[in-house]
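Just so it is clear: chains get the letters A, B, ... in the order the sequence lines come, proteins before strands, and each one is counted from 1.
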Number of protein chains: 4
Amino acid sequence: MGIEERRNREKLARREAIIVCARELFLAKGFNATTMDEIAQRAELSKGTLYLYFNSKEELYVTVMSEGLKILFDRIEETFNLDLPPDQVIRKLGEVYYRYYLDHRDYFRILFFLEHGDVSKQLPRELIQANLDKGIRCLQLFAGVVQNGIEEGIFSPVDPRKAALAFWGATNGILFLFEEELNREIIGMDVEQLIYYTLDLFIKGLLKK
Amino acid sequence: MGIEERRNREKLARREAIIVCARELFLAKGFNATTMDEIAQRAELSKGTLYLYFNSKEELYVTVMSEGLKILFDRIEETFNLDLPPDQVIRKLGEVYYRYYLDHRDYFRILFFLEHGDVSKQLPRELIQANLDKGIRCLQLFAGVVQNGIEEGIFSPVDPRKAALAFWGATNGILFLFEEELNREIIGMDVEQLIYYTLDLFIKGLLKK
Amino acid sequence: MGIEERRNREKLARREAIIVCARELFLAKGFNATTMDEIAQRAELSKGTLYLYFNSKEELYVTVMSEGLKILFDRIEETFNLDLPPDQVIRKLGEVYYRYYLDHRDYFRILFFLEHGDVSKQLPRELIQANLDKGIRCLQLFAGVVQNGIEEGIFSPVDPRKAALAFWGATNGILFLFEEELNREIIGMDVEQLIYYTLDLFIKGLLKK
Amino acid sequence: MGIEERRNREKLARREAIIVCARELFLAKGFNATTMDEIAQRAELSKGTLYLYFNSKEELYVTVMSEGLKILFDRIEETFNLDLPPDQVIRKLGEVYYRYYLDHRDYFRILFFLEHGDVSKQLPRELIQANLDKGIRCLQLFAGVVQNGIEEGIFSPVDPRKAALAFWGATNGILFLFEEELNREIIGMDVEQLIYYTLDLFIKGLLKK
DNA sequence: CATGAATGAGCGTTCATTCAT
DNA sequence: GATGAATGAACGCTCATTCAT
């Protein structure tokens, strides 16, 4: 029995190793430019073994994405549990998002910026559903905070869901701008300045005059 | 004499046909997944002919992007020439951007959402410079409008450049959200509602209380 | 255990098979006109497999050359070990060279007559260095023999290095003449007559009067 | 009539221009690496026009070779007309050959060193016959000089034809050695030293003791 | 369970040659 | 006669996937 357990542990460790190596490479070179050979080599496994753990390159990619999403969602949920006033929660959420962008640039790019192509199209739904649920939940929590702010009289009476989505979109959009070298040349300032500026502008827009 | 003219017309038409076919395919499948064979086939030309008009797949891609950018920039510049009050210019700009997103979904995706990878890296600078310059110019015009608004006393005293960038990033970010099937499931409302909402929020944030 | 050995044997055999097929084709058609497809087909392997054994067409070509050079160098070194008087060593060397030309016409052509173009230009130096060293060594041995002949008083006092090089160049040049169909028509005699004649002439030039 | 003459002149000039451009390119890049496009461009003609003057790339190549041969043969024949003593004629011939190598490196390489592949195989005989005849004639003249030297008692009694061929082969072989970068590394001295050394050695071999 | 050798379809690009004008 | 746009067959090389061991 102990043998079987050890084997299971080893299998999990191996799986994890593959994911880690794949993530590093997918980030550095994108989905297409990363080869299964490279992943296998970096993980010190044979190429065939990769196919024991993942049915295809696509599935491996989605798995990597899921791991990254989990980290982000966890951080976001923590924020909601902090019990701060609504405007501060929102600012904090922006900071958390930006922090994640800084700390996990690799995941961030894979999740939001890299071309996924038809990667997720022909994958089994269950691989995705859990993340989807989490996303919906986060949005509800966010909308709840806005709702609170309105009820407490510090926010203007807006549609809370829309506000939450606008916030997410705007934040993402700013970070996205900086992904392209050419855009950076046009922008001519650094991310931090712009992201905080946008946060403030957004919150100012929410606050009652 | 008329002969040469007709030939030139035909050449331009053929060039345009290639661009059209390439755009459709690049949009549908991304840069990497689109092959020169497919483009040639769709354009009913031989593969070799493509290389008479474009030196490489990359150059063709950038040409497609440029054509799309040109349309967008033209629309934006028109807006600046409309001689409206600053807050209305900005709203109009948002609408123009959204309109472009609706009318030229294919260009929009290619320009802003598709992974370009290293496409533009090894291309002659001059292919890109013109677009870059236009982008910078648009941003300056935008910042000028904000500046006017401040001087006229209708906007709070903000950094005009930052405001312009935040606007661009936020608008882009909203539209970007809707690109992913999965996001759309989370969002549960249509683009139009959210984009106009965000526009209003943004302008409200700019206006003096 | 024996399994691994057998596998290694098989791999080596396959590698050798590739080299053999490549040699035949390179000889028959030259470097450029020979395609990897043809080599693969002749070796009854897939094209991809070729690239498991050789990183590029160039590397395969150089490998073929190396194998041919090895045979020649081995024969030459044997000759030096024969412990003959200087003039007889030199004659023997000429014969060995000519013998190699007869026995390994394919290698001979590839080594000395075929245009290699830029084949060796972008190859890692170490692939070539070994052969270069052998070549230099052979030349030194040759010069040593001439030096001995001079010291023993049977050769005129010449520059031993130059003599060795002149010998190599002259021998090669004669054989080279016969490579072109057109030259053969002009010459009107067979290789053997001319090569031995030249050998004698050369040695006569070295010998003290 | 004058019109037709002018046309003929123009046609010849055009033909010559093609040959000149082709030679420069064939030398610089070899047969395969030179494209008809480049030749056409350099000659400021359309690619189609090339095919009005030459049936194929191969035929153009052979034509280039013929022009180079003509120059060499003319120089050689001049030498025979100089009326020098036999040993000096031979030395002079070596010098002429080496001079041609220096002055017309491009032709020299094309004529003797570049891979011709099957270039000349399927070409009409008449393109080649004239050169062949000249080659045979030169060889006869050379053999005649040796014969004279023998009759005058300054050369040992050798086979004059063989001597001539050995001379040609040896000289060619020396120059050939220097064509390969790798050989040059082995050789470690310059052409001039070695070619004159070989000439002297050869003549010494001919001279009566 | 793990391996890694083998596959083969596919890619972007080139270029000698043709042919309608 | 001259043009130059168009062709299409090749080419060297890659890489996700398979499968015998």
In whole angstroms, the gap separating C1' of F/dT14 from CD1 of A/I39 amounts to 15 Å
Give a yes/no on whether any side-chain N or O of A/T49 is located under 4.0 angstrom from OP1 or OP2 of E/dT3.
-> yes
C/L45 has its side chain closest, among E/dT7, E/dT3, F/dT3, to E/dT7
Gap between atoms CD and C1', on D/E44 and F/dG4 respectively (whole Å) = 16 Å
Watson-Crick/G-U partner (both atom distances under 3.5 Å) of E/dT7 | F/dA16
D/L52 side chain, from C-beta outward: closest of E/dA2, F/dG1, F/dA6 = F/dG1
Check: D/K47 side chain, E/dT17 base, donor-acceptor under 3.5 Å | yes
Could you check how far CD of A/E59 sits from P of F/dT17, rounded to whole Å?
-> 11 Å
Should A/R14 be listed as having a side-chain N or O under 4.0 Å from OP1 or OP2 of E/dC1?
-> no
Residue mapping more 5' on DNA chain E - nearest nucleotide basis, B/A33 or C/S46 | C/S46
How close or far is atom C1' of F/dT17 from atom CZ of A/F54, stated in whole angstroms?
-> 16 Å
Rounding to a whole Å, what distance do you find between C/I18:CD1 and E/dA5:C1'?
-> 12 Å
Could you tell me whether the phosphate oxygens of F/dC15, OP1 or OP2, come under 4.0 Å of any side-chain nitrogen or oxygen in C/Y51?
-> no
note: D/D37, atom CG; F/dG4, atom P; distance rounded to Å ~ 12 Å
Note: C/E67-C/R23 ion pair, threshold 4.0 Å (strictly below) = no
With a 4.0 Å cut-off, would you call D/R105 and D/E179 a salt bridge?
-> yes
Say whether, by atom type as modelled, one donor and one acceptor occur between the side chain of A/K57 and the main chain of A/F31 under 3.5 angstrom.
-> yes
To the nearest Å, give me how far apart CG (D/L50) and P (F/dG1) are.
-> 14 Å
Which sits closer to the 5' end of DNA chain F, A/N55 or C/K57, going by the nucleotide each is nearest to?
-> C/K57
Taking atom C1' of F/dA6 as reference, at what distance in whole Å does atom CZ of B/R15 sit?
-> 17 Å
Would you mind checking if D/R6 and D/E10 are paired as a salt bridge, meaning a charged N to carboxylate O distance below 4.0 Å?
-> yes
For B/Y53 and F/dA6, is the shortest distance between a side-chain N/O and OP1 or OP2 below 4.0 Å?
-> yes
Can you tell me the Watson-Crick or wobble partner of F/dT21, both distances under 3.5 angstrom?
-> E/dA2
Quick note, B/K11 side chain, CB onward, closest among F/dA5, F/dC13, E/dG4 is F/dA5
Could you go through the side-chain contact (heavy atoms from CB on, under 4.5 Å) check for B/M65 and B/Y107 one step at a time?
-> CA-CA 7 Å; B/M65 289 179 65; B/Y107 276 136; over 6 Å; no
Distance-only side-chain donor-acceptor flag, A/S66 / A/T63, under 3.5 Å | no
With nearest nucleotides of DNA chain F determined for D/G48 and C/M36 from heavy-atom distances, which residue corresponds to the more 5′ nucleotide?
-> D/G48
